[in-house]
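Side-chain atoms are counted along with the backbone in the values below, which use heavy atoms only and exclude waters and symmetry mates. Values in this document were obtained by computation on a predicted structure and should not be read as measured data.
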Amino acid sequence: MRVSHDTSEQGITRALGYVETHAHRMRYVTLEARKLPIGSGQVESAVRRVVNLRCRPRVILRKPPSVA
């Protein structure tokens, strides 16, 4: 989203319209009270982990037998 610094009456009206339209997405107080994450960092991290687990080849975790 582009940040606008339009302080004209039209700009303020547009900004208020945006807030009214998207108010249901701005429930920060409710989410914080329920101890739920607000940022997208945790979601992005989880997606990255799933993608890495599914797309990268599996690594053999045991050591090869040693020659004694």
Legend entry - Partner residues of Glu9 under the side chain to side chain donor-acceptor pair (under 3.5 Å) criterion, sequence neighbours left out: none
Got a list of side-chain donor-acceptor pairs under 3.5 Å for residues 26-36, not counting sequence neighbours?
residue	atom	partner	partner atom	Å
Arg27	NE	His24	O	3.3

Inset, instruction - Tell me, please, which residues at least two apart from Val50 pass side chain to side chain contact (heavy atoms under 4.5 Å, CB included). - result: Arg54
Inset, instruction - Quick one: name the residues clustered hydrophobically with Ile12, using the 4.5 Å side-chain heavy-atom rule over I, L, V, M, F, W, Y, and just say none if it's on its own. - result: Leu16
Inset, instruction - Just jot down the side chain to side chain donor-acceptor pair (under 3.5 Å) partners of Thr21, sequence neighbours excluded, or say none. - result: none
